[in-house]
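What follows is one structure encoded as structure tokens, with my remarks underneath.
Numbers restart at 1 for each chain; the letters A, B, ... are given by sequence-line order, proteins then strands. Keep in mind the model is a prediction, meaning the values are calculated, not measured.
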Amino acid sequence: MAYWLVKSDPDSYSISDLQKDISTVWDGVRNYQARNNMNKMKKGDLVLVYHSNKEKAIMGLAKVIKEARQDPTTDDERWTAVDLKLEKVFNKQPDLALIKKTKGLEDIALIKQSRLSVMPITKKEYDIIMKLTK
DNA sequence: GCCAACGTTGGC
DNA sequence: GCCAACGTTGGC
């Protein structure tokens, strides 16, 4: 199983929207690298959900329930979408400042490549992040 | 609200 | 195929 982190601007789609919807189509990705990562997602993979701009924190956890397919919001066949289902909203939501100073997370793509919106997370990094939410 | 970083586009 | 111009993202 693999681990991922997706970013969302809460003004366009937030974790509380996901909480309301229960599951959602993660569409609208228009970046090749992000799309390539999304195409590698497998059913059952765990996905951390990060809010950019406002909270700048990892808000919760979702699970891949449908693997990549044509993005329904465009006819352009270059783009794909996956389906995510909410697993949980964290009580403690580690923010960017905390992530930056946490040992073991200094190489995370979230920091290294601030504009990438779908990125892989190692098991090690995932475990460290999960510890921060407790 | 500003601006740096970075991806994309298009002219040559 | 290079690179300047432009648009967007996202942290501050």
d(CG, N31(A); P, dG10(C)) in whole Å:
10 Å
Rounded distance in Å - CE (M119(A)) to P (dT9(C)):
14 Å
Just how far, in rounded Å, is C1' of dT8(B) from CH2 of W79(A)?
10 Å
Are Y50(A) and dG11(C) close enough that a side-chain N or O sits under 4.0 Å from OP1 or OP2?
yes
Rounded to whole Å, the NZ-C1' distance (K7(A) to dG11(C)) equals 10 Å
Ignoring hydrogens, what is the shortest heavy-atom contact between I65(A) and S23(A)? Give both atom names and the distance.
CD1-CB, 3.8 Å
Could you check whether any side-chain heavy atom of D17(A) comes within less than 4.5 Å of a side-chain heavy atom of K20(A), counting everything from C-beta outward?
yes
Without decimals, in angstroms, what is the distance between Q33(A) CD and dG7(B) C1'?
10 Å
Whole angstrom is fine here: how far is it from CD in Q113(A) over to C1' in dC6(B)?
9 Å
Do R69(A) and D83(A) have side chains that approach each other closer than 4.5 Å (heavy atoms only, starting at C-beta)?
yes
Separation of atom CG in L110(A) from atom P in dG10(C), rounded to whole Å
10 Å
Aromatic plane relationship, W79(A) with Y32(A) - under 30° parallel, 30 to 60° tilted, over 60° perpendicular
tilted
At under 4.0 Å between heavy atoms, what does K100(A) touch on the DNA or RNA strands: base, sugar-phosphate, or nothing?
sugar-phosphate
Between dA5(B) atom P and R115(A) atom CZ, what is the distance in whole Å?
12 Å
